[in-house]
Trainee: 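So that we are looking at the same thing, I have put the structure below in structure tokens.
Not measured: the values here are computed from a predicted model. Every chain is numbered from 1 and lettered A, B, ... according to where its sequence line falls, protein lines coming before strand lines.
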Protein chains: 2
Amino acid sequence: MLAEINLALPNLSPSERRVADWILAHPKEAVGAKLAHVASECGTSEPTVIRFCRRVGLSGFRELGIRLTEALSRPASYVHRDVGPDDSSSDAVIKVMDASIQSLLDMRARLSAMPVDEAVRRMSKARQIAFAGLGASGHVASDACHKFFRLGIPCSTLTDTPMILQFAAIAEANDVLVLLSHTGRWPEFAKAARIATGRGASVIAITNVASDLAAEATVLFPAQVIEDTSVFTPMSSRLAQLALLDAIHVALALARGAAASDRLRLSKNALQPGFGS
Amino acid sequence: MLAEINLALPNLSPSERRVADWILAHPKEAVGAKLAHVASECGTSEPTVIRFCRRVGLSGFRELGIRLTEALSRPASYVHRDVGPDDSSSDAVIKVMDASIQSLLDMRARLSAMPVDEAVRRMSKARQIAFAGLGASGHVASDACHKFFRLGIPCSTLTDTPMILQFAAIAEANDVLVLLSHTGRWPEFAKAARIATGRGASVIAITNVASDLAAEATVLFPAQVIEDTSVFTPMSSRLAQLALLDAIHVALALARGAAASDRLRLSKNALQPGFGS
DNA sequence: GCCAGCATGTAGTAAAATTACAGCAATATT
DNA sequence: AATATTGCTGTAATTTTACTACATGCTGGC
């Protein structure tokens, strides 16, 4: 639809063209807008807007809204397009969402290559699990902790380097340390991994394959390469990490069987109104 | 959308239900149909059709056509299949990932209906922004806070009800309170929203449309309906929320222009090795 | 300078969506 | 068992909205 408008652009009268331009610039706003609103927004009259609709092959203004939503909700692919300062806010929003979707699709494609079973095996026997990450990864860590503890395994979150190192220093054989780091570049992470594995604990790393941390880890989940340099680009790879941890969580719940799912149910019930009274 | 109708099916009155059935059976015909046509086709009256629309969370009959075209034009892949105890771990992992992807695809399709611009406008002028959420939503809140503060707007996270209420109580006209709650069922949230709006602050809610909280909010982002009851099913709707906040964040950065993107760049540089030395 | 042809807006109209209200049925209350 | 209450449903009025017919003004050709 938007392509058709572009196509018709040359043979439009000046005011019709203003309508076309506005619609192309604010497609989201145009959807569900009233005829009068579009007209005033384009600085023209209502009949002109209707004439525009007819000229691009539509039966009337009403159909415009429908065709437009179609065009907006079914874009060909979710390939990554960088967000730039010139993007209208609705364009930008869609691009960000597309990047996130693509990120998850990538993750799904690589899922079969991930050592989920190995991770689940170790976590299943764990005396305790600690999730460690700095900055944005810290949020992923605490989110994961919040999820996994409901399986009945003691969990904790470590969001600064001293804590991580201390945990590694006192780790025991059945402890699991999950290290989250996009780049794997913090030297303390590799150090913590070495200390922890040295004490017999399992270290699960979600990080860049090429890093020192990756080399030290017991179980390695290769993180997505962050290809973009734009400051606008969102943290879509973090979303993929969350989804991955979600998946591991469910796999772990299944592996631990009925006991774990009962605990999940109980913790879920605790949030229902009237519980405990 | 169709899923939402299905979900609402049980709590509909008889004639509303006839409308729902007919729409589910003839979705294509329903798109672009006149109110009178739908009414006669369902053997009921026009107001009943409108009441039906309202009940499934729409603003009116007009919006139904839009939402319906969205639902029809979006590719129906990655359909949700419940994870069961018999699933092998790799099956489960893929199912969870698919659910997450679907969740984001849904969000993308509904993005055009979201009041992103309105939210950005209010946030852009904000003296401060507070993100509030309990439990899992608390993580989303702190994650959002962590993202938004880099734009140069003072941000904070509120993760318990006393804090939320206190914030609302002292909120000022240009303050923005972002409330995250899947169900919108906590009465304190609606209360906080009422207090804050009463004091002239903006309340942006990401929650269930039918909730009290939704009614009190200044700007409402309808949350995805959580259709599944399985304890295994992951928190994919939370992922969608994160992605949504990401998108809003980028839109806000664009709206605030060069100053904001500079700040983003600076905060990013601060993480580079060698910075400050 | 006048006319032909087209672009654009004004004002009116038909139709469609929405609201207000009232009747009625089912359930709850005493 | 009678009454009150709640909520569903349709009728009719109201408002909004899309669309049409017509008038005005402008541009270029003669």
Trainee: Considering every strand and a 4.0 Å limit on heavy-atom distances, what is the contact class for B:Ser45: base, sugar-phosphate, or nothing?
Mentor: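 Contact class for B:Ser45: base.
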Trainee: NA contact type, B:Arg62, heavy-atom cut-off 4.0 Å: base, sugar-phosphate, or nothing?
Mentor: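 Result for B:Arg62 = sugar-phosphate.
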Trainee: When you measure from the side-chain N and O atoms of B:Thr44 to the phosphate of D:dG10, is any distance below 4.0 Å, counting only OP1 and OP2?
Mentor: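 Affirmative; the distance criterion is met.
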Trainee: At 4.0 Å (heavy atoms only), tell me whether A:Arg54 reaches a base, stays on the sugar-phosphate, or touches nothing.
Mentor: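 Sugar-phosphate contact only.
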Trainee: From CG of A:Leu35 over to C1' of C:dA15, roughly how many Å is that when rounded to an integer?
Mentor: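 For the pair A:Leu35 CG and C:dA15 C1', the rounded distance is 14 Å.
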Trainee: Nearest whole Å is fine: how far is D:dT15 C1' from B:Phe61 CZ?
Mentor: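 My rounded result for the distance is 17 Å.
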Trainee: Mind calculating the distance between CZ (B:Phe52) and P (C:dT18) to the nearest angstrom?
Mentor: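 That distance rounds to 14 Å.
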Trainee: Let me know the distance between CD of A:Glu46 and P of D:dT16, rounded to the nearest Å.
Mentor: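 Whole-Å distance recorded here is 14 Å.
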Trainee: If you look only at pairs with a residue in residues 103-148 of chain B, which of them pass as a ring-ring contact (aromatic ring centres under 6.0 Å, His included), with sequence neighbours excluded?
Mentor: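 Those involving residues 103-148 of chain B are A:His139-B:His146, A:His146-B:His139, B:Phe131-B:Phe148, B:Phe148-B:His249.
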Trainee: Quick check: on DNA chain C, is the nucleotide nearest B:Arg51 upstream (toward 5') of the one nearest B:Ser59, or the reverse? Name the residue that is more 5'.
Mentor: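 In this pair, the answer is B:Ser59.
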Trainee: Run the salt-bridge test on B:Lys191 and B:Asp212 with the 4.0 Å N-O cut-off and return the result as yes or no.
Mentor: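 Here B:Lys191 does not pair with B:Asp212 in a salt bridge, since their nearest N and O are not under 4.0 Å apart.
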Trainee: Take the protein atom CG of B:Leu64 and the nucleotide atom C1' of C:dT18, then report the distance between them rounded to whole Å.
Mentor: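 Rounding to the nearest Å, CG of B:Leu64 and C1' of C:dT18 are 15 Å apart.
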Trainee: Among D:dT9, D:dA21, C:dT8, which is the nearest nucleotide to the side chain of B:Pro14?
Mentor: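 The answer is D:dT9, which lies nearest to the side chain.
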Trainee: Do you know which of B:Arg122, B:Lys125, B:Arg121 makes side chain to side chain donor-acceptor pair (under 3.5 Å) with B:Ser202?
Mentor: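 Testing B:Ser202 for a side chain to side chain donor-acceptor pair (under 3.5 Å) against B:Arg122, B:Lys125, B:Arg121 leaves exactly one candidate, B:Arg122.
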Trainee: Any luck finding a side-chain donor-acceptor pair between B:Ser181 and B:Ser137 under 3.5 Å?
Mentor: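 Judged by distance alone, the side chains do not pair up.
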Trainee: Take A:Glu16 and B:Ile50, find for each the nucleotide of DNA chain C with the closest heavy atom, and name the residue whose nucleotide sits nearer the 5' end.
Mentor: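 Nearest-nucleotide comparison on DNA chain C picks A:Glu16.
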Trainee: What integer distance in Å separates A:Arg55:CZ from C:dC6:P?
Mentor: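 In whole Å, C:dC6 P and A:Arg55 CZ are 11 Å from each other.
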Trainee: Quick one about A:Asp98 and A:Gln102 (side-chain donor to acceptor, distance below 3.5 Å, no hydrogens or angles considered), yes or no?
Mentor: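 Their side chains do not contain a donor-acceptor pair, so the 3.5 Å distance test is not met.
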Trainee: DNA chain D: A:Pro47 or A:Lys34, which has the more 5' nearest nucleotide?
Mentor: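 It is A:Lys34, whose closest nucleotide lies nearer the 5' terminus.
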Trainee: Looking only at side-chain N and O atoms, does A:Ser15 come under 4.0 Å of OP1 or OP2 in C:dT8?
Mentor: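 Answer is yes, contact under 4.0 Å.
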Trainee: Has A:Thr48 got a side-chain N or O lying under 4.0 Å from the OP1 or OP2 atom of C:dG9?
Mentor: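 Yes, such a contact exists.
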